[in-house]
Amino acid sequence: KHSMLIKGIERCKPIDDTYLLLGKAYYQRQDYSDALSVFNYIIHTHTNGNVWPDAHVWIAETELQLDRIENAEENLEIVRQHIANTKKDAYKQHWEATFAQLLIKQKEYEQASIYLTELLQHKWMKKDFKTRIHFILAQVQQISDNKTDAAVNYTKVLKRNPEYEMVFNATINLALCAKDI
């Protein structure tokens, strides 16, 4: 409503962030078709904006939820070089997490564990997100029959004092790993 798109250039600086937030809200509401339309709108109209790569990654994440793996892979490849050259750590974290999710969907667990391990190397990461990455990495390692490393990561999850459901599942999976070691 308050967009000032004049000759292909957005004059209202926060409008692309607002569209991205709107797309994320549709995604969280599991209204994937509306989320895709908002993210596609960002890509086609706000090419000079700072949210263009993030919109591509959100499209890939939405496509993964719809089991359109090829489309998700295409969108991740489009921004791979841009993400590698950017200084924004949040873009890299989101891209690596989504790419690991793609690899898990394709059942390429060894590659996914490499990306998840790289993701844990980032300095500035929210505590809950880092705990979740440790938990997912432990699950991937458990599926790959790497029970020792999975047990180490489940222990890290428990030390980070997460919410009850994650503590419960980590404890059960740690016991299953210990049984097989």
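Small disclaimer: the values here were computed from a predicted structure and weren't measured. By convention here, the first residue in the shown sequence is residue 1.
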Once you measure the plane-to-plane angle for His56 and Trp52, does it fall in the parallel (<30°), tilted (30-60°) or perpendicular (>60°) bin?
perpendicular
Plane angle bin for Phe39 and Trp58 - parallel if under 30°, tilted between 30 and 60°, otherwise perpendicular:
parallel
Between [Y] and [X], is there a side-chain heavy-atom distance shorter than 4.5 Å?
{"X": "Ser113", "Y": "Leu137", "result": "yes"}
{"X": "Asn75", "Y": "Val57", "result": "no"}
{"X": "Glu73", "Y": "Gln106", "result": "yes"}
{"X": "Glu77", "Y": "Phe99", "result": "yes"}

If every non-hydrogen atom of [X] is compared with every non-hydrogen atom of [Y], which pair is closest and at what distance?
{"X": "Leu116", "Y": "Ile133", "answer": "O-CG2, 3.9 Å"}
{"X": "Cys177", "Y": "Ala150", "answer": "SG-CB, 3.8 Å"}
{"X": "Leu64", "Y": "Thr98", "answer": "CD1-O, 3.9 Å"}
{"X": "Asp34", "Y": "Ser37", "answer": "O-OG, 2.7 Å"}
{"X": "Arg132", "Y": "Met166", "answer": "CA-CE, 4.2 Å"}

Grouping I, L, V, M, F, W and Y whenever their side-chain heavy atoms are under 4.5 Å apart, do [X] and [Y] come out in a common cluster?
{"X": "Phe168", "Y": "Leu158", "answer": "no"}
{"X": "Ile43", "Y": "Leu21", "answer": "no"}
{"X": "Ile143", "Y": "Val157", "answer": "no"}
{"X": "Val152", "Y": "Val167", "answer": "no"}
{"X": "Leu102", "Y": "Val79", "answer": "yes"}

Looking at [atom1] of [X] and [atom2] of [Y], how far apart are the two atoms once the value is rounded to the nearest 0.5 Å?
{"X": "Lys105", "Y": "Gln101", "atom1": "NZ", "atom2": "CD", "answer": "7.0 Å"}
{"X": "Glu96", "Y": "Leu76", "atom1": "CD", "atom2": "CG", "answer": "11.5 Å"}
{"X": "Asn173", "Y": "Asn169", "atom1": "CG", "atom2": "CG", "answer": "6.5 Å"}
{"X": "Ile172", "Y": "Leu174", "atom1": "CD1", "atom2": "CG", "answer": "11.0 Å"}
{"X": "Phe129", "Y": "His94", "atom1": "CZ", "atom2": "NE2", "answer": "8.0 Å"}
{"X": "Thr131", "Y": "Asn153", "atom1": "OG1", "atom2": "CG", "answer": "11.0 Å"}

Among side-chain atoms of Gln139 and Tyr154, is any donor-acceptor pair under 3.5 angstrom?
no
Should the pair Arg160 and Phe135 be classed as cation-pi, given the thresholds of under 6.0 Å to the six-membered ring centre and 45° from the axis?
no
Using a strict cut-off of less than 4.0 Å between a Lys/Arg side-chain nitrogen and an Asp/Glu carboxylate oxygen, indicate whether Asp145 and Lys147 qualify as a salt bridge.
yes
Side-chain ion pair, Asp31 and Arg29, N-O less than 4.0 Å:
yes
Could you check whether any side-chain N or O of Asn146 sits under 3.5 Å from a backbone N or O of Gln142, counting only pairs where one atom can act as donor and the other as acceptor?
no
Begin from the C-alpha positions of Glu63 and Ile69 and carry the test side-chain contact (heavy atoms from CB on, under 4.5 Å) through to its verdict.
CA-CA 7 Å; Glu63 296 286 4; Ile69 294 174; over 6 Å; no
Looking at the rings of Tyr32 and Tyr27, which for Trp means the six-membered one, are their centres under 6.0 Å apart?
yes
